[in-house]
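Read the structure below first, then the notes.
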Amino acid sequence: MAREYIPQEIETKWQKHWEDTGLYRSKVDPNAPKHYALTMLPYPSGDLHIGHWYAMAPSDTRARYMRMRGFNVLFPMGFDAFGLPAENAAIKRNIHPKEWTYSNISNMRRQLKSMGAMFDWAREAISSDPKYYRWTQWFFIQFFNHGLAYKKMAPVDFCPACNTTLAREQVWGEDRRCERCETRVIKKNLNQWFFRITDYADDLLDFSGIQWPERVVAMQTNWIGRSEGAEVIFTTERGDELPVFTTRPDTLWGATFMVMAPEHPLVAALTTDEQRTEVQAYVEQAARASDIERESAEREKTGVFTGAYAINPVNGERIPIWVADYVMMTYGSGAIMAVPAHDERDFAFARKYGLAVRVVIQPEGESLDGATMSAAYVGGGVMVNSDQFNGTVVTDDKGRRNPGISQVIDWLEQNQIGHEAISYRLRDWLISRQRYWGAPIPMIHCPDCGIVPVPMDDLPVLLPDDVKFVPTGESPLKLHPAWKFTTCPQCGREDAEREMDTMDTFMCSSWYQYRYLSPDEDSYPFDPEEASYWLPVDQYTGGIEHATMHLLYTRFFTRAMRDCGVFQPVRPMNPDLQPDTIFTEPMTRLHNQGIILAEDREKMSKSRGNVADPDDLVEKYGADAVRAYLMFAFKWEQGGPWDSQGINGVVRFLNDVWSLVTEYQSVSDAQMTVPASAIRALERKVHQTILDVTADIEEFSFNTSIAKLMELRNTLQEFSDTPVVNTSAWRQAIRTLLLLMAPITPHIAEELWQFIGGEYSIHQQPWPEGNESIAAEETITLVVQVNGKVRDRIQVPADISESEAKQIALESDAIGRFLQGQKPPRKIVYVPGRLVNIVL
RNA sequence: GGGGGAGUGUCGGAACUGGCAGACGAGCAUGACUUAGGAUCAUGUGCCGCAAGGCGUGCGGGUUCGAGUCCCGCCUUCCCCA
């Protein structure tokens, strides 16, 4: 009965059968516990690469495992289908973005199906479908109506290659490059739409409702960048108020000058005539430097005196106002008080321009002198030169936890010259994009009524198909008068203009987990019944690169939806869940996979020609082998370099399993004597494997789970030429092996399951139950150490007593040699089930 | 400069709350079967040593009967932020 294992044959066969029998249709079932497993949806670039497989196949394994564990699992898939590459293809190859996108989707859908994942394709959502982006637009209007979306003129980051603006999160690295194309961004003053994500800064800093990797939590916390301090109102001699934010109000008495950002609106008004030429030249030059250059601690500080003075409200002192580019308009109010004695950058600046340095925090046991100190002192100590605060203790703590800071804030508030304040690094989310292939922002500009949202009933605002693409990448919407001009929904004027910008595609992907629930629903963004059952997402998987983009946006989006009342019709079916907890966090648990590098340890890229193409690999080895190899070869969170030889290991494993199942079926019931110890040994290994594989898949340790299955394979091979193959223990072992493999290599498991007469489908069988007592070893290797060095290993019964163990150890020949001529042992350490250490 | 990871054979990687370092696999070596082998099977494979034995988890200290694991100080490297 030697059938050959031809993966490609059985894989397409079962994929079709699974689809025909609706095996992966997931339906609401209030009687079963639910599990919403989600993996980040791909951009339809045209080809599924190995990175997609690496992200998705293990996620699929985990979802399949949860299903066998008795959960009703939803594992959907879709496409994040708006975006620039489609438009660039249109410009370059004269193919419409829609056509390009949808033909890519159909190819990628085929490739995804070849993976054999349990995706429920009936729930597929494509963000560029009008039935999808209608609701993206609906959300925009919801946010607008609730004051969460606004338009303002602002200096924004602009990618000249993509010819569009970017959100702050989408500008990467020290040299500020576009997240997509790595071109260096430039600053532009533009009128743009923003979402008030900063209103949610504190809410987003609360991670108590989610179990996400610490790394992501740290990155988001860092990104939001909360700093506690005070806002203090300085005034110019002219009488302008100059509020400054400081984290160190305890050093207010040490402020010897002020610095304004070159873009500060008051600069021109404050500058005296004598200084005007110099200041103007400086401001112009500063505009050309990048933010990073300006903020760098190493860079030589530059600046010019405005000629104006301000009054320090705490002591009435008159201090000079300078302009310097190390102060950012985006930080606080664009002006700072400079305390050179206790701030490194202020110190460097003061020394360079000969400005006064006054010590107001004296460290214990030291005596700093402003005239001679060689570096700013930023630690704690005792306040000096600070009037009534002299002697107040200042610690290293931030904000109110610092007694000095806390007392000064109280005093500022009592005297109404300042108040406690919190500053964030987070900026509002810029969502306007000056491109065609995105969801149009559903707003109308009327000369009389101003900005008017498109009525909800008129959604979606459809993208016109008949557009011309120009090489500059300028949005074709601007060149389409029929689309551009419309009727004002409020006053009926016919020369109102549509908003011509489209939305950041991160907007589309911020809520796709809700659209999957009911992609065809046309009266609401999602079906509340489905939402009541499935939400929130229980397990999310995807790349870490989205830590401060998608993963932050979607947390914001869910909170904004909550506050707009979008979740009101949803009544959680799970009595353990509170509506609030569900709708604050979109995804309860998150796991991030690493990156697969090419064999040369470089990034895989077509231009380098070092890509491992999944289609080729499936053709050569089969999908099961590719899946298993990706899970076996790396620590999932870590990733690593592809090894084209390494896959042989799992190919052999699958071939061996095939032979074990198909060649060693017991053919006769002939009673042969099989030693009971052999049966027990086999059963023990089987149960050990169940327990280990279960624990491993539970915690995303796919590589070790497959290693354990290979060990079971090795054990089965040892028994395969013995009468053990005629026992029910053997048959049970084979059944178990297939069940444990089912989530990892679904096709071969299904095929062999059918071969041994199992009921369709293996993927609907319960996960095997491991039994600790069957798994327990009968004998153990007792390690005997002398002074911590291993000197002997002795097989002993597992339930050996401490005194027996010590005695056996002391009587061992190998040990005797070390004990000879020595004094009696000082100490004998016994670790149950492991070792005896004899200390001389 | 701040935050977060990571350093274990030739390679990918194992090692639970401190208890046999190197599971599992790749590769390699030797042998077998073969006209043939990028198939299959067997054996071996951390380093030094003929052996007894010694040395080994980035480096240097420490705690402990015992440290890849805990503590202190470094080095290298990756990511994020400045």
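Below, read A as the first sequence line, B as the second, and so on, with proteins coming before strands; counting in each chain starts at 1.
In terms of modelled atom types and a separation under 3.5 Å, the side chain of A:Tyr621 and the main chain of A:Asp624 share no donor-acceptor contact. No donor-acceptor pair under 3.5 Å is formed between the side chain of A:Asp343 and the backbone N or O of A:Val339.
Among the heavy atoms of the strands lying under 4.0 Å from A:Asn648 are primed sugar atoms or P, OP1, OP2 only; no base atom is included. Counting non-hydrogen atoms under 4.0 angstrom, A:Lys708 reaches nothing in the nucleic acid. When heavy atoms are screened at a 4.0 angstrom cut-off, A:Thr781 is found touching base atoms of the nucleic acid. At the heavy-atom level, A:Gly639 lies under 4.0 Å from the strands shown only through sugar-phosphate atoms. A:Glu545 comes within 4.0 angstrom of no nucleic acid atom, judged by non-hydrogen atoms across all strands.
Nucleotides B:G56 and B:U77 are separated by 23 Å at their C1' atoms, to the nearest Å.
Separating the CG atom of A:Asp643 from the P atom of B:G27 is a distance of 8 Å, rounded to the nearest angstrom. Separating the CG atom of A:Asn787 from the P atom of B:A67 is a distance of 12 Å, rounded to the nearest angstrom. Across the protein-nucleic acid pair, A:Ile595 atom CD1 and B:C80 atom P stand 9 Å apart, rounded to whole Å.
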Can you give me the N/O atom pairs linking the protein to nucleotides 46-52 of chain B at distances under 3.5 Å, or say none if there are none?
none

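Environment of CD in A:Glu214: sparse, with no more than 12 heavy atoms of neighbouring residues, nucleotides or ligands closer than 6.0 Å. Within 6.0 Å of atom CD in A:Glu698, more than 12 heavy atoms from other residues, nucleotides or ligands are found, so the atom counts as buried in its surroundings.
Under 3.5 Å, the side chains of A:Ser644 and A:Glu599 contain a donor-acceptor pair of N or O atoms. Side chain to side chain, A:Tyr424 and A:Arg226 meet the donor-acceptor criterion of an N or O pair below 3.5 Å.
In this structure, A:Arg425 satisfies the cation-pi test against A:Trp223, with its NZ or CZ atom closer than 6.0 Å to the six-membered ring centre and inside 45 degrees of the ring normal.
Nearest to the side-chain atoms of A:Val831 among the listed nucleotides B:G19, B:G4, B:G13 stands B:G19. Proximity note for A:Lys635 (side chain, C-beta onward) versus B:C65, B:G13, B:G12: the nearest is B:G13.
A donor-acceptor contact under 3.5 Å links the side chain of A:Arg834 to the base of B:C16. The base of B:C81 does not come close enough to the side chain of A:Asn222 for any donor and acceptor atom to sit less than 3.5 Å apart.
Here B:G9 is in the syn range [glycosidic angle within 90° of 0].
Under the Watson-Crick or G-U wobble criterion, with both distances below 3.5 Å, B:A32 is paired with B:U40.
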